[in-house]
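Hydrogens, waters and symmetry mates are skipped; everything else that's a heavy atom, side chains included, is used.
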Amino acid sequence: MSEIMLRLPEVIAQVKLSRSTIYRRIEDGTFPRPRALGAGCVRWLQSEIDQWIDTLPVAADLTD
């Protein structure tokens, strides 16, 4: 089974962060780095984005 690779607009849609925030977090080491596929072509691994999402804190249930 091959790994799904995401373009930046797809990553933005999934994580709900802006381009500049994503790249700032990459530099801080708090967001997955993309894979370089060629000159000016990068992709993120879906599995790494999923793992990053899984590390986010869950909001408290305030309906009680």
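- Between the CZ atom of Arg24 and the OG atom of Ser18 there is a distance of 6.5 Å, given to the nearest 0.5 Å.
- Within a 6.0 Å sphere centred on CD1 of Ile4, other residues, nucleotides and ligands contribute 12 heavy atoms or fewer.
- You'll find the side chain of Arg33 reaches within 4.5 Å of the side chain of Glu27, heavy atoms only.
- With hydrogens and angles ignored, the 3.5 Å screen pairs no side-chain donor or acceptor of Trp52 with any backbone N or O of Val15.
- Side chain of Trp44 to backbone of Met5: no donor-acceptor contact under 3.5 angstrom is found.
- Shown here are the side-chain hydrogen bond (donor to acceptor under 3.5 Å, both in side chains) partners of Gln14, two or more places apart in sequence or in another chain: Gln46.
- Between Leu6 and Ile49, the shortest heavy-atom contact is CD1-CG1, 4.2 Å.
- A chain of hydrophobic side-chain contacts below 4.5 Å, direct or via other Ile, Leu, Val, Met, Phe, Trp or Tyr residues, connects Ile53 to Ile12.
- Nearest heavy atom pair, residue Glu10 against residue Arg7, reads OE1-N, 2.6 Å.
- Residue pairs satisfying the salt bridge (Lys or Arg N to Asp or Glu O under 4.0 Å) criterion with at least one member in residues 36-47, sequence neighbours excluded, are absent.
- Using a 4.5 Å heavy-atom threshold, the side chains of Leu45 and Pro34 count as separate.
- Residues satisfying the salt bridge (charged side-chain N to carboxylate O under 4.0 Å, His left out) criterion with Glu48, sequence neighbours excluded, are Arg35.
- Follow the hydrophobic side-chain contacts under 4.5 Å out from Leu56 and you reach Ile26 in the same cluster.
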